[in-house]
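Whatever order the structure lists them in is the order used to number ligands and atoms, beginning at 1.
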Amino acid sequence: MFTPLTGRSVVVTGGSKGIGKGIARVFARAGFQVLLAARDEASLATAAADLREETGGRIETVAADVSLVADCRRIAETALERFGGIDVLCANAGVFPEKPLTEMTEQDVDTVFDCNVKGTMFMVQACLPALEASGHGRVVITSSITGPITGYPGWSHYGASKAAQLGFLRTAAIELAPRGITVNAVLPGNIATEGLADMGDDYRRGMEAAIPQRRLGAVEDIGYAALFFATDEAGYVTGQSMVVDGGQILPESPAALEGI
Ligand code: NAP
């Protein structure tokens with residue numbers, strides 16, 4: 001039913017692990033050529049080897065830091081060199097260091113905003129000419145329920161950065177509409193990643209108990225939502241966000257989950 005996407009190209013920032021690797025897997029299975037961008041070369045090489053083996057697809061890598069504008073440009077240039085164009089940008093790279101507001105420093109805020117907000121904005125800017133040239137350019141931002149919809153102690157800077165991504169996307173969607181580019185966001189709930197595993201079993205059990213579906217999401221759940229925004233059939237959808245959270249934001253209070 002959907003137009004095949006075979007042969008198109010996608011840049012996935014933060015593609016070396018977690019949600020980004022899941023997005024890359026889903027796009028590779030759909031026939032995309034994939035450029036993974038992240039800072040650590042060894043993780044990139046491992047992810048690329050895994051994804052090539054799993055999907056048989058063309059998976060390329062570039063080591064770069066999206067909080068540096070010059071690196072954002074280098075990522076876009078690398079995609080152009082390797083693939084000849086960019087059809088989709090998945091601006092997914094993000095950091096979430098925990099810090100209570102009472103202890104927060106200027107550097108803590110800069111670290112989170114430089115990657116999550118500035119990195120998203122300058123990745124979009126760097127990819128613009130290629131996205132426009134494709135005739136069907138797509139930007140898919142990985143935001144979060146944390147910030148736009150919910151809060152969690154220790155992540156006020158992170159929540160602010162994820163809400164800022166949505167503020168950015170609404171104006172970007174208007175500015176880029178005449179160029180045939182759509183800009184949308186996926187808002188994950190709690191997704192099972194290597195990073196979440198580090199937070200321990202108690203944290204995981206607490207999260208599962210708060211989700212109506214009683215399970216964390218899989219990284220591919222975010223990939224499928226991102227892939228929908230990338231289809232030709234989603235071409236009239238722009239400036240929107242899709243929550244993918246197993247119903248986590250729905251209960252009015254813990255009582256709403258009792259007995260289900
Ligand atoms: P993760 O497992 O820690 O992976 C983060 C990825 O981003 C890695 O590939 C990392 O590689 C890369 N990265 C971090 N800083 C970067 C930078 N400055 N430049 C380039 N790449 C960078 O995180 P995740 O849980 O998959 O999160 C991915 C996105 O989903 C983030 O935007 C996060 O806010 C969002 N999210 C996650 C969840 C969840 O439950 N996991 C929920 C809601 C939203 P290097 O460290 O090698 O650079």
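- Residue-level proximity to ligand 1 for K162 is carried by the side chain, the only part with a heavy atom below 4.0 angstrom.
- Applying the side-chain contact (heavy atoms from CB on, under 4.5 Å) rule to Q213 yields the partners I211, R215; only residues at least two apart in sequence or on another chain are considered.
- Contact between A47 and ligand 1 is absent, with no heavy atom of the residue lying under 4.0 Å from the ligand.
- Only the side chain of T193 comes within contact range of ligand 1, with a heavy atom under 4.0 Å; no backbone atom does.
- A side-chain N or O of Q248 and one of N190 form a donor-acceptor pair less than 3.5 Å apart.
- Ligand 1 has an N or O atom lying under 3.5 Å from an N or O atom of G14, backbone or side chain.
- Listed by first and then second residue, the salt bridge (Lys or Arg N to Asp or Glu O under 4.0 Å) pairs that reach into residues 54-68 are R25-E54, R58-E60, E60-R82, sequence neighbours excluded.
- Side chain to side chain, S161 and Q165 fail the donor-acceptor criterion of an N or O pair below 3.5 Å.
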Can D108 and H157 be said to form a side-chain hydrogen bond (donor to acceptor under 3.5 Å, both in side chains), step by step?
CA-CA 8 Å; D108 292 328; H157 52 347; 5.9 Å; no
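- Between the side chains of D114 and S67, no donor-acceptor pair of N or O atoms lies under 3.5 Å.
- Atom 20 (C) of ligand 1 has its nearest heavy-atom neighbour, among A64, G189, G22, in A64.
- Within the structure, ligand 1 has N190 among the residues with a heavy atom less than 4.0 angstrom away.
- Of the options C90, S161, S16, the smallest heavy-atom separation from atom 9 (O) of ligand 1 is shown by S16.
- Among the atoms of Y158, some N or O lies under 3.5 angstrom from an N or O of ligand 1.
- Geometrically, ligand 1 and S144 share no nitrogen or oxygen pair separated by less than 3.5 Å.
- Look at G217 and you'll find every heavy atom at least 4.0 Å from all atoms of ligand 1.
- Looking only at heavy atoms of the protein, atom 2 (O) of ligand 1 is closest to G18 CA, 3.7 Å.
- Taking all heavy atoms of V62, N92, I19 into account, the minimum distance to atom 29 (C) of ligand 1 is reached by N92.
- The atoms of ligand 1 that sit less than 4.0 Å from any heavy atom of S143 are 35 (C), 36 (N), 44 (C).
- Within the 4.0 Å heavy-atom criterion, the part of C115 lying near ligand 1 is the side chain and not the backbone.
- Residue-level proximity to ligand 1 for V95 is carried by the side chain, the only part with a heavy atom below 4.0 angstrom.
- Any N or O atom pair closer than 3.5 Å counts here, and I191 shares at least one such pair with ligand 1.
- No N or O atom of S43 sits closer than 3.5 Å to an N or O atom of ligand 1.
- Of the N or O atoms in V66, one or more lie within a sub-3.5 Å distance of an N or O in ligand 1.
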